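Structure first, commentary second.
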Amino acid sequence: MKVAILDDYQGVALKLADWSPVATRAEITVFTDHVGDPDDVVARLAPFDVVCVMRERTPLPRSVLERLPRLRMIASTGSRNASIDTVAAQERGIHVSGTGGSAAATVELTWALILASVRDVVGQATSVRGGGWQTSIGRELSGRTLGVLGLGRIGAAVARIGAAFDMRVIAWSPNLTPERAAAAGASWVSRDELFGLADVLTIHLVLGDQTRGLVGADDFAAMKPTARLVNTSRGPIVDEAALVGALRNDTIAGAALDVFDTEPLPADHPLRVLPNVLATPHIGYVAENQYRTFYGEAAAAIAQWLDGAAVP
């Protein structure tokens with residue numbers, strides 16, 4: 001039996017979990033680099049019976065699965081993975097398992113990005129490293145308006161922290177009700193009000209047909225020129241070309257982004273170099289305890305599958 005662990009960028013999968021029950025019965029290969037072309041993915045995975053994937057880093061659509069006759073199990077980290085065609089997997093007798101996880105790491109990164117963006121932390125730190133001193137004036141959060149687009153588990157936690165900063169918290173999403181907003185300590189507003197009133201607008205929606213491209217040029221035009229967009233959810237929720245245009249034209253003051261349409265972000269992408277963008281490489285869930293849960297439960301699921309036992 002051969003097991004592949006994909007996209008282990010930091011090379012920590014085997015260190016943060018007990019893989020011994022798997023290693024005694026299968027050969028484990030860890031890939032720390034990423035391949036994105038479907039033909040390259042097929043070539044890499046062809047020799048393997050089991051693949052462990054880290055979230056959506058390597059998509060496994062039907063067109064890829066149909067070219068992997070040896071593959072029998074996919075161990076995905078996280079409770080759901082929209083980049084795996086589970087119907088195609090089931091048709092081919094490929095078992096797909098998931099793991100638990102926590103929202104804490106993403107909530108914390110969201111606030112790290114908000115604070116770093118409004119206070120220009122990276123720019124000021126870079127100035128000090130270069131021998132300089134103060135070069136800009138930040139903005140306080142107290143008394144300003146936090147707009148939360150999506151008030152689920154992560155959005156509600158972000159909203160509670162906004163209240164702790166003495167911010168006015170407003171929220172909207174396609175299915176949000178005033179009662180659910182109030183339960184999270186936020187005020188329900190219309191979509192137009194959300195974009196028009198927010199000083200910081202943070203996105204916390206699940207990517208799907210209803211939310212793909214949900215935030216576009218008209219929304220940016222409705223925002224304050226001093227407002228900032230924060231996205232730690234999924235890149236395609238935002239029309240990326242419209243966002244780049246809004247940032248280039250100073251329609252909004254800036255954006256703090258952890259997610260993008262294409263990941264890893266292409267080397268020549270404008271979001272890497274625009275001066276009003278704070279970009280991080282999709283690290284919302286990249287934290288020690290989260291990784292221990294992800295890899296630990298994935299290893300346990302693979303071992304259970306190797307035993308011939310039912311795997312949830």
Side-chain angles (χ1 to χ4, degrees), residues 1-102 206-209 234 236 262-264 282 284-286 288-312:
M1 299 294 289
K2 292 187 176 182
V3 176
I5 300 175
L6 298 186
D7 300 309
D8 180 15
Y9 297 153
Q10 297 86 6
V12 296
L14 299 183
K15 301 174 185 176
L16 294 179
D18 180 10
W19 288 85
S20 59
V22 177
T24 55
R25 288 170 291 172
E27 176 186 336
I28 301 175
T29 302
V30 178
F31 295 97
T32 57
D33 64 329
H34 173 78
V35 293
D37 182 84
D39 290 339
D40 294 336
V41 173
V42 170
R44 171 163 287 187
L45 299 185
F48 294 97
D49 306 279
V50 180
V51 174
C52 175
V53 295
M54 175 54 73
R55 306 300 289 120
E56 295 94 352
R57 289 176 184 171
T58 295
L60 295 174
R62 178 182 292 273
S63 59
V64 169
L65 295 177
E66 288 178 343
R67 297 165 65 190
L68 297 172
R70 180 167 172 167
L71 186 61
R72 299 267 60 87
M73 180 185 184
I74 301 168
S76 174
T77 55
S79 60
R80 60 185 170 212
N81 189 333
S83 70
I84 298 173
D85 189 328
T86 54
V87 173
Q90 185 177 23
E91 290 173 359
R92 301 188 61 80
I94 301 170
H95 180 76
V96 180
S97 68
T99 70
S102 167
V206 174
L207 178 63
D209 293 340
R234 291 295 181 269
T262 301
E263 297 179 3
H282 203 156
Y285 60 79
V286 182
E288 182 179 351
N289 287 340
Q290 186 84 300
Y291 264 36
R292 290 189 186 279
T293 298
F294 280 172
Y295 283 127
E297 294 187 8
I302 294 170
Q304 192 172 343
W305 181 83
L306 290 171
D307 286 338
V311 182

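Excluded from the calculations below are hydrogen atoms, water molecules and symmetry mates; all remaining heavy atoms, backbone and side chain alike, are included. Nothing fancy with the numbering, it's 1 onward along the sequence. This structure is a prediction, so every number in the text was calculated from the model and none was measured.
Each of Val286, Asn81, Asp8, Thr77 was evaluated against Met54; a single residue qualifies, Thr77, per the side chain to side chain contact (heavy atoms under 4.5 Å, CB included) test.
Going from atom SG of Cys52 over to atom CZ of Phe31 covers 12.5 Å, rounded to the nearest 0.5 Å. Atoms CD and CD, on Glu288 and Gln10 in that order, are 12.0 Å from each other to the nearest 0.5 Å. Taking CD1 of Ile302 as the start and CD of Gln304 as the end, the distance is 11.5 Å to the nearest 0.5 Å. Note that OG1 of Thr32 is 10.0 Å distant from OH of Tyr9, once rounded to the nearest 0.5 Å.
Shortest non-hydrogen contact noted between Val3 and Ala26 is CG2-CB, 3.9 Å. Minimum heavy-atom separation, Ala303 to Val22: N-CG2, 3.8 Å. Between Ile94 and Leu65 the shortest heavy-atom distance is CD1-CD2, 4.3 Å. Summarising the geometry of Ser97 relative to Ala75, their closest heavy-atom pair is OG-CA, 3.5 Å, with the distance given to 0.1 Å.
Contact annotation: the side chain of Phe48 never approaches that of Leu68 to less than 4.5 Å [non-hydrogen atoms, C-beta and beyond]. Using a 4.5 Å heavy-atom cutoff, the side chains of Trp305 and Met1 are in contact. Counting only heavy atoms from C-beta outward, the side chains of Ile74 and His95 never approach each other to under 4.5 Å. Looking at heavy atoms from C-beta onward, Val87 lies in side-chain contact with Arg62 at the 4.5 angstrom threshold. Between Ser76 and Ile84 there is a side-chain heavy-atom pair separated by less than 4.5 Å.
For Arg57 (side chain) and Val53 (main-chain N/O), no donor-acceptor pair under 3.5 Å exists by modelled atom type. Not a single donor-acceptor pair under 3.5 Å links the side chain of Thr29 to the backbone N or O of Ala4. Judged by distance alone, the side chain of Arg70 and the main-chain N or O of Leu45 form no donor-acceptor pair under 3.5 Å. Judged by distance alone, with hydrogens and angles left aside, the side-chain atoms of Arg234 form no donor-acceptor pair with the main-chain N or O of Leu207 at under 3.5 Å. No donor-acceptor pair under 3.5 Å is formed between the side chain of Gln290 and the backbone N or O of Gly101.
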Tell me, with the steps shown, if Tyr285 and His282 meet ring-ring contact (aromatic ring centres under 6.0 Å, His included).
CA-CA 8 Å; Tyr285 60 79; His282 203 156; 5.3 Å; yes

Could you walk me through whether Leu60 and Val96 pass side-chain contact (heavy atoms from CB on, under 4.5 Å), step by step?
CA-CA 11 Å; Leu60 295 174; Val96 180; over 6 Å; no

Could you go step by step and tell me if Asp39 and Arg67 meet the side-chain contact (heavy atoms from CB on, under 4.5 Å) rule?
CA-CA 9 Å; Asp39 290 339; Arg67 297 165 65 190; 3.0 Å; yes

Evaluation steps, side-chain contact (heavy atoms from CB on, under 4.5 Å), between Leu14 and Tyr295:
CA-CA 8 Å; Leu14 299 183; Tyr295 283 127; over 6 Å; no

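Around the CD atom of Glu66, the shell of radius 6.0 Å holds more than 12 heavy atoms that belong to other residues, nucleotides or ligands. Within 6.0 Å of CZ in Arg292 there are more than 12 heavy atoms belonging to other residues, nucleotides or ligands.
Side-chain contact, Asp7 with Thr58: a donor N or O sits under 3.5 Å from an acceptor N or O.
Using a cutoff of 4.0 Å between basic side-chain nitrogens and carboxylate oxygens, Lys2 and Asp49 are not scored as salt-bridged. Classification of Asp33 and Arg44 as a salt-bridged pair holds, one side-chain N sitting under 4.0 Å from a carboxylate O.
Ring geometry for Phe294 versus Tyr291: interplanar angle of 30 to 60°, hence tilted.
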